[in-house]
Amino acid sequence: MLHALRKLFASPERLLNVIDRRHVEEAIEDGDRIVIDEDGNAGVNINCPAVIDDFSRHVDALKRM
């Protein structure tokens, strides 16, 4: 998680790169973790392998509680 935050803040312009529907679709296909549309709405790409791994890790951590 810390690595993801560092990567995110190291390149914030990459987050703002997505502005129209075509770019959103391309970002999802490219496997970007976070997608921002032209209205500034952010979303998580649930098809991104890293997001799937993170989710599984969080679920496993909750199961251990």
Side-chain angles (χ1 to χ4, degrees):
M1 175 87 178
L2 183 60
H3 175 69
L5 287 174
R6 283 185 183 157
K7 187 176 178 182
L8 175 71
F9 288 108
S11 181
E13 68 277 354
R14 188 161 183 241
L15 280 177
L16 301 176
N17 212 3
V18 180
I19 56 171
D20 63 18
R21 193 72 186 140
R22 183 178 55 83
H23 285 112
V24 169
E25 291 170 3
E26 288 175 3
I28 291 171
E29 290 172 6
D30 290 344
D32 290 353
R33 290 177 76 107
I34 299 173
V35 179
I36 300 177
D37 67 12
E38 65 262 5
D39 296 326
N41 299 315
V44 176
N45 179 3
I46 61 171
N47 297 317
C48 174
V51 170
I52 294 169
D53 291 343
D54 287 346
F55 182 76
S56 294
R57 192 170 49 253
H58 289 296
V59 169
D60 289 341
L62 290 172
K63 287 178 183 178
R64 289 189 298 266
M65 294 181 117

How about Leu62: does its CG atom have over 12 heavy atoms from other parts shown lying under 6.0 Å from it? yes

Nearest atoms (heavy-atom pairs only) where Cys48 meets Asp32: CB-O, 4.1 Å

Can you tell me which residue among Asn41, Val24, Asp30, Val44 is in a side chain to side chain contact (heavy atoms under 4.5 Å, CB included) with Val35? Val24

As an exercise, state the distance from CG of Asp53 to NE2 of His58, rounded to the nearest 0.5 Å. 10.5 Å

Would you mind checking if Asp54 and Arg57 are paired as a salt bridge, meaning a charged N to carboxylate O distance below 4.0 Å? yes

